[in-house]
2 protein chains.
Amino acid sequence: MKYIEILIKLRKIIRSINLESKKIEKELGISIPQLLVLQYLSDQKDYRAFAKDIKEYINLNASTVSGIISRLESKVLVAKSPKPNDKRATYILLTAKGADLLYKYPPTLQEKLSQRLKKLSPNQIEELDRNIDLLTIIMDVKDIDAAPLLTIKDLTELTVKVRTDHPQ
Amino acid sequence: MKYIEILIKLRKIIRSINLESKKIEKELGISIPQLLVLQYLSDQKDYRAFAKDIKEYINLNASTVSGIISRLESKVLVAKSPKPNDKRATYILLTAKGADLLYKYPPTLQEKLSQRLKKLSPNQIEELDRNIDLLTIIMDVKDIDAAPLLTIKDLTELTVKVRTDHPQ
DNA sequence: AAAATATAGTTCGTGTAGAAACTATTTAAA
DNA sequence: TTTAAATAGTTTCTACACGAACTATATTTT
């Protein structure tokens with residue numbers, strides 16, 4: 001298995017997700033990243049959070065999140081309100097319209113993958129999950145760079161850790 | 001395992017790849033998608049191909065490929081030449097400068113993942129590859145849409161197929 | 001041969017996505 | 001307390017990525 005092969009396969013997967021995103025965007029008017037933000041907000045206390053938290057949750061650059069939020073804001077799905085004692089920070093809060101959208105549509109979206117996953121055996125799901133995590137570890141360039149040379153032992157331990165973290 | 005979880009994990013992986021891409025872009029002046037195109041051309045007879053072939057290989061939209069090629073063209077890493085008997089088609093060909101770049105740098109890039117993969121056992125690699133393919137199948141919205149309801153049997157057969165296609 | 005369709009590419013508009021540079025504010029250090 | 005450093009966000013620039021609409025050829029149908 002070559003680097004290029006893995007790369008292309010992963011790109012294909014993400015391409016599929018993006019295509020799905022575009023499709024949803026046409027149907028609902030919002031993209032998956034935007035939906036992820038709404039979903040995150042709906043799980044938070046008072047349905048609000050700081051851009052910083054969102055950034056950390058979806059693991060994106062501050063500027064990217066900034067763009068996503070302003071697009072959501074222009075659709076009135078989220079709103080901004082300043083934090084009382086810190087003029088730097090701004091709450092991003094879910095609007096009723098945003099909650100509406102979330103309430104009406106996501107089941108369709110959510111259940112799509114779930115249905116496909118249900119067709120797999122528990123063993124297959126466990127294996128899939130474990131390997132996604134393994135990929136995360138292998139591909140996580142930043143972490144690898146932080147500890148330049150992972151030994152076989154390290155990687156195996158990580159694998160075992162992941163494995164035991166997600167028992168079937 | 002929830003939809004959102006898988007989505008976010010996959011997004012993280014791709015984010016890592018993109019970060020790697022940006023890093024390479026700064027170092028070499030070209031991105032991973034651009035590099036994939038060069039690499040593909042270097043594998044072709046006479047080091048040339050049509051945009052259409054490239055499109056199919058990297059699995060991207062025609063307009064995306066068009067953009068990548070014009071960026072490569074402006075860096076004189078590829079050039080265009082019309083196909084004799086079909087004025088619609090244009091050969092994209094690797095330039096000497098493009099071959100140079102490919103010859104000098106990619107080992108560094110290629111070996112990065114290879115080294116990490118070498119740390120895995122053959123069994124782990126086989127399992128990883130199989131699960132990436134499984135993900136491709138699960139995520140490939142288009143194919144799923146074409147045959148709306150895959151049965152458990154279908155999916156299992158696909159899994160088995162993938163499994164036997166890549167024996168350890 | 002003329003009309004319809006298919007193929008190859010490009011252009012345009014929009015949405016991610018990141019780095020770098022920046023503003024503004026807050027906190028820590030001197 | 002003044003300076004330095006950290007934090008929160010935004011803006012600008014570039015690249016990727018898509019669909020839709022478009023141009024220009026080729027091929028197929030009628």
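Here the structure is a predicted model, which means the values were calculated and not measured. By convention in this document, chain letters (A, B, ...) are assigned in the order of the sequence lines, proteins followed by strands, and residues within each chain are numbered from 1.
- Applying the 4.0 Å criterion to OP1 and OP2 of dT23(C), one finds that R88(A) has every side-chain N and O outside that range.
- Contact check, K87(B) against dA24(D): no side-chain N or O comes under 4.0 Å of OP1 or OP2.
- Atom C1' of nucleotide dT14(C) and atom CD of Q34(A) are separated by 11 Å, given to the nearest angstrom.
- A residue-by-residue look at K80(B) and I68(A) shows that K80(B) has its nearest nucleotide of DNA chain C further toward the 5' end.
- Contact annotation: K83(B) side-chain N/O to dA24(D) OP1/OP2 distance is not under 4.0 Å.
- One can place CD1 of I69(B) at 15 Å from C1' of dT11(C), the figure rounded to the nearest angstrom.
- Taking the side chain of D86(B) as heavy atoms from C-beta on, and the options dA17(C), dA26(D), dC16(D), the nearest nucleotide is dA26(D).
- The residue among G67(A) and P84(A) whose nearest nucleotide of DNA chain C lies closer to the 5′ end is G67(A).
- As judged by a 4.0 angstrom heavy-atom cut-off over every strand, S70(A) is placed among residues making no nucleic acid contact.
- In terms of heavy-atom proximity, L77(B) sits nearest to T95(B) at O-OG1, 3.0 Å.
- When the side-chain nitrogen and oxygen atoms of S31(A) are compared with OP1 and OP2 of dT16(C), one or more of them lie within a distance under 4.0 Å.
- As judged by a 4.0 angstrom heavy-atom cut-off over every strand, N85(A) is placed among residues touching the sugar-phosphate backbone only.
- Rounding to whole angstrom units, CG of residue L35(A) and P of dT16(C) are separated by 11 Å.
- In this structure, L60(B) places its CG atom 16 Å from C1' of dT10(C), rounding to the nearest Å.
- Using a 4.5 Å heavy-atom cutoff, the side chains of I68(B) and I54(B) are not in contact.
- Whole-Å rounding puts the I54(B) CD1 to dC16(D) P distance at 13 Å.
- Computed from coordinates, the E73(A) CD to dG15(C) C1' distance equals 17 Å when rounded to whole Å.
- Residue-level contact check: K55(A) touches neither bases nor backbone, having no heavy atom under 4.0 Å from any strand.
- Along DNA chain D, the nucleotide nearest to E56(A) and the one nearest to K26(A) differ in position, and the one closer to the 5' end is contacted by E56(A).
- Within 4.0 Å (heavy atoms only), A62(B) reaches at least one base atom of the nucleic acid.
- N61(A) and S63(A) share a donor-acceptor pair across their side chains, judged by distance under 3.5 Å alone.
- Between E73(B) and I92(B), the closest side-chain pair of non-hydrogen atoms is not below 4.5 Å.
- Here S66(A) does not reach the OP1 or OP2 of dG9(D): none of its side-chain N or O atoms lies under 4.0 Å away.
- Checking the phosphate oxygens (OP1, OP2) of dT10(C), no side-chain nitrogen or oxygen of S63(B) falls inside 4.0 Å.
- Scanning all heavy atoms of the two residues, the minimum distance from S42(A) to L102(A) falls at CB-CD2, 3.4 Å.
- Following rounding to the nearest Å, L77(A) (CG) and dG15(C) (C1') show an atom-to-atom distance of 15 Å.
- Contact check, N61(A) against dA17(C): no side-chain N or O comes under 4.0 Å of OP1 or OP2.
- Environment of OH in Y47(A): sparse, with no more than 12 heavy atoms of neighbouring residues, nucleotides or ligands closer than 6.0 Å.
- To the nearest angstrom, C1' of dT10(C) lies 17 Å from NZ of K52(B).
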